[in-house]
Amino acid sequence: MGFSNQRGSGGRIASPLLEPRWVRWSLTAFSCSFLVLFLVVPLAVVFAEALRKGVGAYWAGITDPTAWSAIKLTLLVVAISVPLNLVFGLAASWAIAKFEFWGKSLLITLIDLPFAVSPVVSGLIFVLLFGLHGWFGAWLDSWGLQVIFAVPGVVLATIFVTFPFVAREVIPLMQEQGTEQEQAALTLGANGWQTFWFVTLPNVRWAVWYGVILCNARAMGEFGAVSVVSGHIRGKTNTIPLHVEILYNEYNFVAAFAVASLLALLALVTLVAKALVERRIHLSSTSLEPTTVES
Amino acid sequence: MSIEVRHISKSFGNFTALHDVSLQVHDGELLALLGPSGSGKTTLLRIISGLEVPDANPDSEILFHGQSVVDCPVRHREVGFVFQHYALFRHMSVADNIGFGLRMRPRATRPSKSEIRDRVGKLLKLIQLEGFGDRFPSQLSGGQRQRVALARALAVEPKVLLLDEPFGALDAKVRQGLRTWLRRLHDEIHLTSVLVTHDQDEALEVADRVVVMNQARIEQVGTPDEVFHHPQTPFVMEFLGQVNVFHGRVSQGKIELDDPFVSEHANVNVGSSPPAVYARPHELDIQRESTSGEGFYATVKRLHLAGPIARVLLEAENGGDVQVHLSLERFYELALQPGVAAFVVPKNGRVFEAASKMKLG
Amino acid sequence: MVWRFKKHSVLPGFGLTLGFTVFYLSLIVLLPLTALCLKSTSMGWAVFWETVSHPRVWASCRLTYETAAIAALINAVGGFIVAWCLVRYDFPLKRVFDAMVDLPFALPTAVSGIALTTIYASSGLIGQWFAPWDIKLVYSRWGIIIAMTFIGLPFVVRTLQPALEDLDKENEEAAACLGASRWQTFRFVIWPTIIPALLTGFAMAFARGLGEYGSIVFISGNMPMKTEIASLLIITKLEQHDVAGATSIAVVLLVSSFVLLLSINLLQWWSSERLRGVS
């Protein structure tokens, strides 16, 4: 029950836990304008600018061959990085949540590490590793392989920045749920794989979805890290955000915003999906709580 | 300070928490609001405190010492409120918790720092926690926390003390100790107090008067003795202890029982005929032979002797269970064994039929 | 007792999952970060100091820290009010606003960069109101602060919301019964309980601001010594094949992030220690 709906009898006295009306109103007005100014307006502007010169120009911007190749590359990057991080997230959660072992908290900290590394630095470390003057640069070159300024570099950098997303959503939930249900499944004759698939995974599936949604959004939109390693080769190593940058810097604003609007749409879908999944997580966690009796 | 509430109703959405409740609390007494979950007792307490506002009604009134406090917000009502889960401020030491109310006063009426320290010291002594002033709530046991909460409420010298299930979150042994302590404390300070509880033993033991509530209404108000021995409704009878309910018929001024069984919390429809006889287990006697023609035939099923009394469970002829409590002397005199046949004879009991009450025996 | 790496458990799959976890973690995260550490130590203190003490680098680092701090401060104030309203009040479209708070997480930084630049440019929707006063919101420090505020907002709101929701309603009722006014209740009961969450949110927004690149490069104008942030300078150095220089700046950024991460963890440990126990 919120605090906000309690009205005084015949308006005589207000609820003791409510601020005076003018305080409530001015705070709410401030919040709404703050959010509109910083969030709603930028989002709206993307679509407005994209459609400034009509649907035709918009369509031309999206269907341009270089835009199309950027979209394809982004989808490829997502198709590699999201499943890999998903499998990693599930494996890490199982090991961390279901077992007690030495160095566990260190492992959790290390998993969160990529969040603490700024995007440009994330790109830089791969340059140091695979760049021409990097550790493996000469060796790769002798085999005729190129990582930096090529697709593998873009994929690696994206995997790095999206690394913790699934794991950090699933680990706390799995830890909270303990091992009782798994033990019950084992006593009932299930094998390890069946236990995971039929008992553990259904219990955490909304957290997994949540992680995948966030991971996907970041993988599609990553800019800083990818910018360092891609080399900005048109039609080859440009992802959608990099393509937006190039168009924008060429003063091709309509095309830039047209392509950007695709990413903005993705953001909207992400927000809606996130809100839906959050509600499911909330529902499933409240239904598990012991019922309290109120007198 | 006396408290009077008149025609108070409160609903939350479709749920009616209180329906036209009126009640008087005398100056200096300790009154218990007793009832099951959802009976409205906590809501009534919160309305008295000002934490909850009653539904709008021109007749409704809340009076402290004859003066209306309906328009008085909670912070000016000068009530001490003790919460079930203590509601101590976790980031403050015990002493800071107790002194909180004094420090919040406007500068003109605020005691000096040393006065506050003295007052806190006295209260710590009162709640037997001297030397605990610098601890934090997380370092105290449940019983200690509740005593601190009580001291915090008393520090502002409230006109009335309101306690919402104060011992509800504590384990049985601590409860018992605090209960006795609270009663002693009340005898010392004589502060008008209202205690909400769902534990009938607690209410009967601690309170001067007990208000039994059920389904948003008051069922009965009276001293513990009155409500226990002279319940006015089947609900009160059943809520305050174990009861045997016998359904029967009235014929020629006598009651013929046809369906004896034990009931502890059956929901009885008052006023429905045929009437039912309600008798507590100690109000029944067992005889090896029927001497007066009263009573009915039953077989001893199980004995429970670990305690100050003998508890005998019998099975009546129609298969219903009857619970009888005997003194141990009486029990050994009868030499009962499981499987032995005997007569159950009512010594006392009540017939509830509409609002009338009739005594047997 | 015999020391064991792992406590006994009946559940299977420990070796496989932990093995994969450690292998993947080492490959993707630890190996590249080790490369950075080794690179920075191998090039020596002198090279590091030469890079970092260069006026242009110095200016960009100072600029980054200052703007990130201001933006985090704006977010601490604004985000606090937003979180408070979202948790405590009902208003139209509340759930939409609540969902929108995550927009900076979901919207790619390049998109927010060009959108913010368009809005706050002197011909833009909001910028035009400031142009007559000669206030340039883009291609100036203000632009950097605006972009950093945008991307930092959800950190403050999302760390504060659970803290505000967890507030014990009875605590506030107790304060009211004891005669505290609403302001006193806020000041002495609510505020001390949520300050760790607010500081955590501030630190997270600050850390995010330090490392932000995508949205800032569009709005800042990237003028050396004036509006050039540290992340951009790393890229510039790389383009000039000055890997040592780039690494030096990266080390500065990385160490700052780790210090912040550490202080966030300490904060959370401190608050849970302080408030533990009482339900």
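Here is how names work: the chains are called A, B, and so on, in the same order as the sequence lines, proteins then strands, and each is numbered from 1. Treat the numbers as computed from the prediction; the structure is a model and nothing was measured.
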### Query
Judged by modelled atom types alone, do T162(A) and E222(A) share a side-chain donor-acceptor pair under 3.5 Å?
no

### Message
Centroid separation under 6.0 Å, is that true for the rings of F163(A) and F88(A)?
### Response
yes

### Proximity breakdown for L93(C) and chain A, heavy-atom pairs closer than 4.5 Å
neither

### Query
With respect to chain A, which residue among Y213(C), F150(C), F14(C) yields the maximal number of heavy-atom pairs within a distance under 4.5 Å?
F14(C)

### Query
Can you find a pair of side-chain heavy atoms, one from S93(A) and one from I171(A), that are under 4.5 Å apart?
yes

### Query
Where does F136(A) contact chain C at under 4.5 Å (heavy atoms): side chain, backbone, both or neither?
side chain

### Task
Would you mind checking which part of F160(A) comes under 4.5 Å of any heavy atom in chain C, side chain (CB onward), backbone (N, CA, C, O), both or neither?
both

#### Entry: Region of L27(A) that comes under 4.5 Å of a non-hydrogen atom in chain C
both

### Message
Quick check on the interface: out of V46(A), I96(A), L110(A), who has the most heavy-atom pairs with chain C under 4.5 Å?
### Response
L110(A)

### Query
When only pairs under 4.5 Å are counted, which of V269(A), L113(A), L90(A), V228(A) shares the most heavy-atom pairs with chain C?
L113(A)

### Message
According to side-chain hydrogen bond (donor to acceptor under 3.5 Å, both in side chains), does anything in residues 249-262 of chain C pair up with another residue at least two apart or in another chain? List the pairs.
### Response
Y65(C)-S256(C)

#### Entry: Short N-O contact, E172(C) and K169(C), less than 4.0 angstrom
no

### Query
Between E49(A) and chain C, which part of the residue has a heavy atom less than 4.5 Å away: side chain, backbone, both or neither?
side chain

### Query
Of the listed residues (L39(A), T270(A), V121(A), L84(A)), which shares the most heavy-atom pairs with chain C below a 4.5 Å separation?
L39(A)

#### Entry: Backbone of L129(A) reached by a side-chain donor or acceptor of K39(C) within 3.5 Å
no

### Message
Between I190(C) and R182(C), is there a side-chain heavy-atom distance shorter than 4.5 Å?
### Response
yes

## Note on the structure
Taken in chain and number order and not counting sequence neighbours, the residues that satisfy ring pair (Phe, Tyr, Trp, His ring centres under 6.0 Å) with F23(C) are none

### Message
Is the shortest side-chain heavy-atom distance between V259(A) and L263(A) below 4.5 Å?
### Response
no

## Note on the structure
With chain C, the option among V244(A), V41(A), V272(A) that has the most non-hydrogen atom pairs under 4.5 Å is V41(A)

### Aromatic ring proximity F165(A)/F115(A), centre distance under 6.0 Å
yes

### Task
May I ask you to test the T74(A)-H243(A) pair for a side-chain heavy-atom distance under 4.5 Å?
no

### Message
Does any backbone or side-chain atom of K104(A) lie under 4.5 Å from a heavy atom of chain C? Answer side chain, backbone, both or neither.
### Response
neither

## Note on the structure
Most heavy-atom pairs under 4.5 Å with chain A, out of V217(C), L125(C), L153(C), belong to L153(C)

#### Entry: Under 4.5 Å from any heavy atom of chain C - which part of V87(A)
both

### Query
Can you list every side-chain hydrogen bond (donor to acceptor under 3.5 Å, both in side chains) pair that touches residues 17-33 of chain C, not counting sequence neighbours?
N85(A)-Y24(C)

#### Entry: Best-contacting candidate, T185(C), V243(C), L261(C), T149(C), against chain A by heavy atom pairs under 4.5 angstrom
T149(C)

### Message
Quick check on F105(C) against chain A: is it the side chain, the backbone, both or neither that has a heavy atom closer than 4.5 Å?
### Response
neither

### Query
Where on L37(A) is there a heavy atom nearer than 4.5 Å to chain C: the side chain, the backbone, both, or neither?
both

### Message
Report which part of S261(A) has an atom under 4.5 Å of a heavy atom belonging to chain C: side chain, backbone, both, or neither.
### Response
neither

### Message
So for T247(C), is it side chain, backbone, both, or neither that comes closer than 4.5 Å to the heavy atoms of chain A?
### Response
both

### Query
Within a strict 4.5 Å, meaning less than it, do heavy atoms of the L167(C) and V189(C) side chains meet?
no

### Task
Indicate yes or no: at least one non-hydrogen side-chain atom of L232(C) is less than 4.5 angstrom from one of I216(C).
no

### Query
Between W183(C) and chain A, which part of the residue has a heavy atom less than 4.5 Å away: side chain, backbone, both or neither?
neither

### Query
Who among L25(C), V22(C), I146(C), L33(C) has the most heavy-atom pairs with chain A under 4.5 Å?
L25(C)

#### Entry: Among the listed options F99(A), F257(A), F38(A), F223(A), the residue most often paired with chain C at heavy-atom distances under 4.5 Å
F99(A)

### Task
Output the option from T109(C), T118(C), L116(C) having the highest count of non-hydrogen pairs under 4.5 Å with chain A.
T118(C)

### Task
Could you have a look at A167(A), A48(A), G221(A) and say which one has the most heavy-atom pairs with chain C under 4.5 angstrom?
G221(A)

### Message
Counting only non-hydrogen atoms closer than 4.5 Å, does I240(A) touch chain C with its backbone (N, CA, C, O), its side chain (CB onward), both, or neither?
### Response
neither

### Contacting region of V45(A) [heavy-atom separation from chain C under 4.5 Å]
side chain

### Task
Pull out the residues in residues 203-211 of chain C that come under 4.5 Å of chain A, heavy atom to heavy atom, sorted by number.
G211(C)

#### Entry: Min side-chain heavy-atom separation F258(C)-L262(C) under 4.5 Å
no

### Message
Test your reading of the model: is there a side-chain donor-acceptor pair from T179(A) to the backbone of E182(A), 3.5 Å cut-off?
### Response
no

### Task
Sort out for me which of V111(C), I81(C), V251(C) touches chain A most, counting heavy-atom pairs under 4.5 Å.
I81(C)

### Task
Please lay out, stage by stage, how F34(A) and F30(A) fare under the test ring-ring contact (aromatic ring centres under 6.0 Å, His included).
CA-CA 6 Å; F34(A) 193 75; F30(A) 173 85; 5.6 Å; yes

### Query
Tell me, side chain or backbone of L103(C) under 4.5 Å from chain A's heavy atoms, or both, or neither?
both

#### Entry: R158(C) and E278(A) ion-paired at < 4.0 Å
no

### Contact check, side chains of F218(C) and E245(A), non-hydrogen atoms, under 4.5 Å
yes

